[in-house]
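The block underneath contains the structure these notes are about, expressed in structure tokens.
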Amino acid sequence: MRIGEGVAGVLLALVSVAGLAQTGGKLLVASKGLQSLVIVDAGAGSVVGSVSEGAAAKDTAHEVAASADGKLAFLPIYGNSGVGKPGTDGHEMVVIDIASQKVVGRVDFGHGVRPHFPALNSKDGLLYVTTELDKSLTIVDPKTLKIVGQVPTGSAESHMLAISHDGKRGYTANVGPGTVSVLDLVGRKTIKVIPVAGVVQRISISMDDKLVFTSDQTKPELDVIDAATNTVTKRIPMESFGYGTAPTPDGKWLLVPMMDVNKVAVIDLKTMAVARNIDLAAGTHPQEALVRPDGKTAYVSCDHSGQVAEIDTATWKVKRMIDTGKVSDGLAWAR
């Protein structure tokens, strides 16, 4: 049975902290339709809780990040529309304790900024949140929930963020302008704004920090940026328009959901070409990808069907479809 408003409430009442502790890992899903954080027991592949964000009207979070210890979830409340579209301007980030399934804090940005994507920098321990209307990243201390700084992006609609594994660089996908901003996270300044395409969406970085990937929304291709030169050096043709991207931990593959054809492209990062396409059911509309830290499983959120596809990366087969709630979008892993 697909999770709905009433079922979510029942689940929330029944789940125990002990039950969560036995899973060994949780998949966190931002359900825009439920205005909730949906928690999935990764081992069982089933929903074990749904926590309301408590946002006003139809405002909701689109993305989620987990704290380093896996205890907290951070959900910026974007608003009630999409990037570049008219609607409300969110001004806060909700903090949820995953075990107790309760909202335990909020970060107020002081004015409407449309906060969207949160990313934890494993090197400095700080949380970087894209704050679109300020053309910036806002830096939050995840322990004190205090705002401790900003990094200008030099562009409007800085929607998504990737942080290099050494913690020194940030890269934002600036949707409408069709650019990628390269950011010095140590010096907290913009290094370069790279022209990429007419419109871009989502962004990720290779495991060796040498390549940055974003999806062209005007042509069915993936654009590849050389991080050493900060220039586009490769455009990989695909069957359809890509969206979110995620590399496997071994650095060999890149997963790219293709919404319009209900498939996930698997790109060989050695040959820089599509190696295979994984078929999903019609009407699923896959958009965001996440690969589990052990590399054995990939998850792809499907907003139209309200599900997450669980994919075995050894066989590239879909193991199961997990019902996670209306308009399932952002994904995060909590150990």
Side-chain angles (χ1 to χ4, degrees), residues 23-30 38-45 62-68 70 73 117-122 160-166 171 173 201-215 222 224 236 238 242-259 262-280 284 286-303 307-322 324 328-335:
T23 66
K26 280 84 71 178
L27 178 67
L28 309 180
V29 185
V38 174
I39 304 168
V40 175
D41 179 321
H62 295 186
E63 302 292 338
V64 57
S67 59
F117 188 83
L120 188 68
N121 187 329
S122 62
M160 302 292 284
L161 168 67
I163 295 178
S164 61
H165 298 84
D166 64 10
Y171 301 87
Q201 262 291 0
R202 309 295 168 115
I203 197 162
S204 66
I205 190 167
S206 61
M207 298 305 295
D208 61 8
D209 289 343
K210 292 182 178 180
L211 302 174
V212 177
F213 312 100
T214 190
S215 296
L222 182 78
V224 185
I236 302 174
M238 299 195 303
Y243 212 63
T245 55
T248 54
D250 60 11
K252 294 181 178 180
W253 311 101
L254 185 78
L255 278 71
V256 189
M258 298 180 291
M259 298 185 295
N262 301 302
K263 296 181 181 182
V264 180
V266 181
I267 292 177
D268 184 330
L269 292 180
K270 184 176 181 179
T271 64
M272 299 299 281
V274 176
R276 59 180 56 80
N277 290 318
I278 303 168
D279 292 321
L280 300 180
T284 49
Q287 61 171 8
E288 183 156 305
L290 171 75
V291 182
R292 209 161 68 186
D294 63 12
K296 296 180 180 179
T297 303
Y299 300 98
V300 177
S301 62
C302 303
D303 62 345
Q307 296 173 304
V308 170
E310 182 180 325
I311 298 170
D312 184 334
T313 57
T315 62
W316 300 116
K317 301 293 185 182
V318 178
K319 294 171 62 177
R320 54 191 168 193
M321 298 296 293
I322 306 168
T324 49
S328 293
D329 190 357
L331 302 173
W333 178 260
R335 61 182 178 84

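In this text the structure is predicted, and so the values were computed from the model without any measurement. Just so you know, these numbers use all the heavy atoms, side chains as well, and skip hydrogens, waters and symmetry mates.
Taken to the nearest 0.5 Å, the CD1 atom of I236 stands 4.5 Å off from the CD1 atom of I267. Atom NZ of residue K210 and atom OG of residue S164 lie 14.0 Å apart, to the nearest 0.5 angstrom. T245 OG1 to I205 CD1: the interatomic distance, rounded to the nearest 0.5 Å, is 10.5 Å. Within the model, atoms CE of M321 and CD1 of I311 stand 8.5 Å from one another, a figure rounded to the nearest 0.5 Å. Here the CG atom belonging to L255 is positioned 11.5 Å from the CZ atom belonging to F213, to the nearest 0.5 angstrom. Atom CD of E288 is separated from atom CD of Q201 by 10.0 Å, given to the nearest 0.5 angstrom.
E63 has a carboxylate O that lies under 4.0 Å from a charged side-chain N of R202, or vice versa, which qualifies the two as a salt bridge. We find that K296 and D294 are not joined by a salt bridge, their nearest charged nitrogen and carboxylate oxygen being 4.0 Å or further apart.
Pairing each heavy atom of P249 with each of M207, the nearest pair is O-CG, 3.8 Å. The two residues V300 and P257 have their closest heavy-atom pair at CG1-CG, 3.9 Å. Across every non-hydrogen atom of L331 and Y299, the tightest pair is CD1-O, 3.7 Å. Heavy-atom minimum distance, V64 versus P118: C-CG, 3.8 Å. A246 and A289 get closest at one heavy-atom pair: CB-O, 3.5 Å. The shortest non-hydrogen separation linking L28 to A73 is CD1-CB, 3.9 Å.
In this structure, M258 and V274 have side chains that are not in contact, with every pair of non-hydrogen atoms separated by 4.5 Å or more. Between T324 and L27 there is no side-chain heavy-atom pair separated by less than 4.5 Å. Side-chain contact check for V29 versus V308: some heavy-atom pair is nearer than 4.5 Å.
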* To do: Determine, step by step, whether S328 and D303 satisfy the side-chain contact (heavy atoms from CB on, under 4.5 Å) criterion, reporting the C-alpha distance in whole Å, the side-chain angles of both residues, the deciding distance to 0.1 Å, and the verdict.
  => CA-CA 5 Å; S328 293; D303 62 345; 5.7 Å; no
* Asked: Going through the distances and angles, do V40 and E310 end up as a side-chain contact (heavy atoms from CB on, under 4.5 Å)?
  -> CA-CA 12 Å; V40 175; E310 182 180 325; over 6 Å; no
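T297 places no side-chain N or O within 3.5 Å of a backbone atom of R292 that could act as its donor or acceptor partner. When atom types are taken as modelled, the side chain of N262 and the backbone of L280 share no donor-acceptor pair closer than 3.5 angstrom. Formation of a donor-acceptor pair under 3.5 Å by the Q287 side chain with backbone atoms of Y243 is not found in this model.
Between W316 and W253, the ring planes lie perpendicular to each other; the angle is over 60°, past the 30° to 60° tilted range.
Applying the side chain to side chain contact (heavy atoms under 4.5 Å, CB included) rule to A68 yields the partners L120; only residues at least two apart in sequence or on another chain are considered.
Within 6.0 Å of the NZ atom in K317, the count of heavy atoms belonging to other residues, nucleotides or ligands does not exceed 12.
Checking each of V212, L254, V256, T214 against S204 for a side chain to side chain contact (heavy atoms under 4.5 Å, CB included) leaves exactly one that passes, namely L254.
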